[in-house]
Amino acid sequence: MNWNTWIRQFHRWLSIIFTAVVAAIFITLGVGVEPAYWVYLMPLIPLTLLMLSGLYLFSLPYATRWRNGRRTA
């Protein structure tokens, strides 16, 4: 599998995990159970990885243009 394809798949699955964690926190709050403080920090781990992979995917088209020598003004 291509490196870019692997990062794209990783980004997609990570977004599903992030959404599930945030939804689980809201569900526990809706039930009336107050989760521990560390539970509120759990979404920060996938969010950080989402930010890094998203920045990579965002910069990918610009890097390929720069690598090919086609610069836009």
Could you list the donor-acceptor pairs under 3.5 angstrom formed by side chains in residues 17-32, with sequence neighbours left out?
from: T19; atom 1: OG1; to: S15; atom 2: O; distance (Å): 2.8
from: T28; atom 1: OG1; to: A24; atom 2: O; distance (Å): 3.3
from: T28; atom 1: OG1; to: I25; atom 2: O; distance (Å): 2.7

Would you tabulate the side-chain donor-acceptor contacts of residues 45-63 under 3.5 Å, counting partners in other chains and residues two or more places apart, or write 'none'?
from: T48; atom 1: OG1; to: L44; atom 2: O; distance (Å): 2.7
from: S53; atom 1: OG; to: H11; atom 2: ND1; distance (Å): 2.6
from: S53; atom 1: OG; to: L49; atom 2: O; distance (Å): 3.0
from: S53; atom 1: OG; to: L50; atom 2: O; distance (Å): 3.3
from: Y56; atom 1: OH; to: N4; atom 2: OD1; distance (Å): 2.5
from: S59; atom 1: OG; to: L55; atom 2: O; distance (Å): 3.1
from: S59; atom 1: OG; to: Y56; atom 2: O; distance (Å): 3.1

> If you round to the nearest 0.5 Å, how far is CD1 of I7 from CZ of R12?
Replying inline: 13.0 Å
